[in-house]
Amino acid sequence: MYRFVLTRQWVCLTLITLALIPAMIKLGFWQYHRHEHRVAQNELIARNLYGKPVPVGELTSPGHIVPRNDYWRAVSATGTYDSAHEVVVRMRTSNDDKVGFQVVTPLVLDDGRAVLVNRGWVAGGEDSRAYPPVPAAPAGEVTVTGRLKADETSGDSGIKDRKGLPERQVMLINSAQQTAYVGKPVLGGYLELTAPVPAGGSPEPVAEPDHDSIGPHMAYAVQWWLFAAAVPVGWLILVRREKRDRDEESAKAASEPATAAA
């Protein structure tokens, strides 16, 4: 009755069906794992953002690679801004997606070491290669708090570093790159300023990372698994439809000689 499923056309269709099922199941688990990763990251961000600030020197040191568990940790630092070695980071967006620069100023600590402080975003001038108008950093000794971030690299950020940039302009915030320029040991990673808020709102502080939304990954996972369940059902429907069509053709062929004989 169902010998037609052994024909070349149906064998190919069946093999494709058998291949699609595990592929879709695997894609569903891939999206599910992305959902789990997002949930875990949200929990990490919330835990680190709202913890009690600790001195930055307790979490990092020159050459230190900030581990993921310390991303966004609330830290504090006391020192004096070294505005002479301030740089701006090109092609950065504001909180409302305008393209400009982020201002990174070394803060020299009491022990002579420095930590890079991302003071926030400023707009560029008419000449994109000119140093933008940047509000001066506070003078004298200051105590700042912020979020600890890891050094940016091309591999992690996807931002391609470039040579031949205008003076005091960079593409990445990287303590190792800035050590020679600053002329003193620089703590690994950098601090994303949260307080004190700059007077007049400029530079514009970097917004805290999103840790509320979980994205569509769980919905995509369920969607792929539903597709995987639907594939064999669809194959069965096609088989039964083919059998019905063949039965109708056979019945029609059998009735034609009888009609002719009558």
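Values below: all heavy atoms of this structure, side chains included; hydrogens, waters and symmetry mates excluded.
- Residue pairs that meet the side chain to side chain donor-acceptor pair (under 3.5 Å) test with at least one member in residues 116-127, sequence neighbours left out, are E86-R119, Q102-N118, T105-R119.
- The side-chain tip of R34 points at the ring of W30 from less than 6.0 angstrom away and within 45° of straight on.
- Applying the side-chain hydrogen bond (donor to acceptor under 3.5 Å, both in side chains) rule to T179 yields no partners; only residues at least two apart in sequence or on another chain are considered.
- In this view, Y220 satisfies the ring-ring contact (aromatic ring centres under 6.0 Å, His included) rule with no residue, not counting sequence neighbours.
- Ionic pairing of D210 and R38 is present here: one or more N-O contacts between side-chain nitrogen and carboxylate oxygen are shorter than 4.0 angstrom.
- Every residue two or more places apart in sequence or in another chain that forms a side-chain contact (heavy atoms from CB on, under 4.5 Å) with D245 is listed here: R241, E248.
- Salt bridge status for R92 with E152: present, with a side-chain N to carboxylate O gap under 4.0 Å.
- Residues S154 and D161 bring no donor and acceptor atom of their side chains to less than 3.5 Å of each other.
- F29 meets the ring-ring contact (aromatic ring centres under 6.0 Å, His included) test with W225; sequence neighbours excluded.
- Not counting sequence neighbours, the partners of H85 by the ring-ring contact (aromatic ring centres under 6.0 Å, His included) test are Y181.
- In the model, E141 has no side-chain atom that pairs as donor or acceptor with a side-chain atom of Y81 under 3.5 Å.
- Around the CZ atom of R240, the shell of radius 6.0 Å holds no more than 12 heavy atoms that belong to other residues, nucleotides or ligands.
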